[in-house]
J.: 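Can you keep this structure in mind? I'll have questions shortly.
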Amino acid sequence: APAVVILRRATYRVRLHMLPVANPGAGYADACALPASSLGDGWVVLDTGFVLLSTINSAWGAHDVHLSPALTLGEGAVDVCVIRETASRLALARIFMAMADGQHIARQDFERFKVAAFQMEHRTPGTVGSIS
């Protein structure tokens, strides 16, 4: 699957509303720097194109994908991991190669937000669905 993502480098427009947790810790993007969302107090919005957008509630996405190091089950939050449409194919390849040991979180084009809740609105024609 990573080779397909890298070669196609398809982008998807999504409006992502997030309710960030306080003090997420090291390695997380600053969600408070994002614009306020229309969903209410504390919610922020990221309205952009993505190559990859993944939510996860455990540290490992697969036996060889350490997608969100230090995340533990039962902490009442999920990590939202994103790669924006501005990432090059080379950056994507470097990110995917670094996922085995969790080093991808230090890559410039990879962002991770710790949130208590999120809501996605697809904005790419031909895509359907919404996840909350």
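Numbering of residues begins at 1 and proceeds along the displayed sequence.
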J.: Mind listing the closest non-hydrogen atom pair of Met99 and His104 along with its distance?
T.: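 Here Met99 and His104 meet closest at CA-ND1, 3.5 Å.
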J.: Could you walk me through whether Thr55 and Asp79 pass the side-chain contact (heavy atoms from CB on, under 4.5 Å) test, one step at a time?
T.: CA-CA 6 Å; Thr55 59; Asp79 278 7; over 6 Å; no
J.: How many angstroms lie between CD1 in Ile105 and CD1 in Ile95, if you round to the nearest 0.5 Å?
T.: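 So the CD1 of Ile105 and the CD1 of Ile95 are separated by 12.0 Å.
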J.: Would you tabulate the side-chain donor-acceptor contacts of residues 34-44 under 3.5 Å, counting partners in other chains and residues two or more places apart, or write 'none'?
T.:
{"residue": "Ser37", "atom": "OG", "partner": "His17", "partner atom": "ND1", "Å": "2.6"}
{"residue": "Ser37", "atom": "OG", "partner": "Leu39", "partner atom": "N", "Å": "3.0"}

J.: Which pair of non-hydrogen atoms, one from Arg84 and one from Val51, has the smallest distance, and what is that distance?
T.: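 Nearest pair, atom of Arg84 first, then Val51: O-CG2, 3.8 Å.
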J.: Where the side chain of Arg9 meets the backbone of Ala87, is there a donor-acceptor pair that is under 3.5 Å apart?
T.: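 Checking the backbone N and O of Ala87 against the side chain of Arg9, a donor-acceptor pair under 3.5 Å is found.
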J.: Report yes if some heavy atom in the side chain of Arg94 is under 4.5 Å from a heavy atom in the side chain of Arg107; otherwise report no.
T.: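 Arg94 vs Arg107: side chains touch.
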J.: List the atom of Arg112, the atom of Cys81, and the distance in Å for their closest heavy-atom pair.
T.: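 Shortest heavy-atom contact: CG-SG, 4.0 Å.
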J.: So Arg13 and Glu85, side-chain contact (heavy atoms from CB on, under 4.5 Å) or not? Walk me through it.
T.: CA-CA 9 Å; Arg13 298 285 313 165; Glu85 64 187 343; 3.5 Å; yes
J.: Determine whether Asp47 and Arg123 make a side-chain contact, defined as any pair of heavy atoms from C-beta on separated by less than 4.5 Å.
T.: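 A side-chain contact exists here, since the closest heavy-atom pair is under 4.5 Å.
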J.: For the atom pair CZ (Phe118) and CE (Met18), what is the distance rounded to the nearest 0.5 Å?
T.: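 So the gap between those two atoms works out to 10.5 Å.
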J.: Would you find more than 12 non-hydrogen atoms of other residues, nucleotides or ligands less than 6.0 Å from Gln108 atom CD?
T.: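 Count not over threshold, so no.
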J.: For the residue pair Arg89 and Leu7, what are the closest heavy atoms and their distance?
T.: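 Between these two residues, the closest heavy atoms are NH2-O, 3.0 Å.
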J.: When clusters are formed by joining ILVMFWY residues with side-chain heavy atoms under 4.5 Å apart, either directly or through shared neighbours, do Ile83 and Ile6 land in the same one?
T.: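 Cluster IDs for Ile83 and Ile6 match.
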J.: Could you tell me the separation between the CD atom of Glu111 and the CG atom of Leu46, rounded to the nearest 0.5 Å?
T.: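 Answer for the CD-CG pair, Glu111 versus Leu46, is 6.5 Å.
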J.: Report the C-alpha separation of Val115 and Tyr28 in whole Å, then their side-chain angles, then the decisive distance to 0.1 Å, and conclude whether the side-chain contact (heavy atoms from CB on, under 4.5 Å) test is met.
T.: CA-CA 10 Å; Val115 303; Tyr28 287 92; over 6 Å; no
J.: Is there a continuous path of hydrophobic side-chain contacts, each under 4.5 Å between heavy atoms, that joins Phe113 to Val21?
T.: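 No.
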J.: Is there side-chain contact between Val14 and Leu53, with at least one heavy-atom pair below 4.5 Å?
T.: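 Side chain of Val14 against side chain of Leu53, heavy atoms only: contact under 4.5 Å found.
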J.: Going through the distances and angles, do Thr11 and Phe50 end up as a side-chain contact (heavy atoms from CB on, under 4.5 Å)?
T.: CA-CA 5 Å; Thr11 60; Phe50 297 97; over 6 Å; no
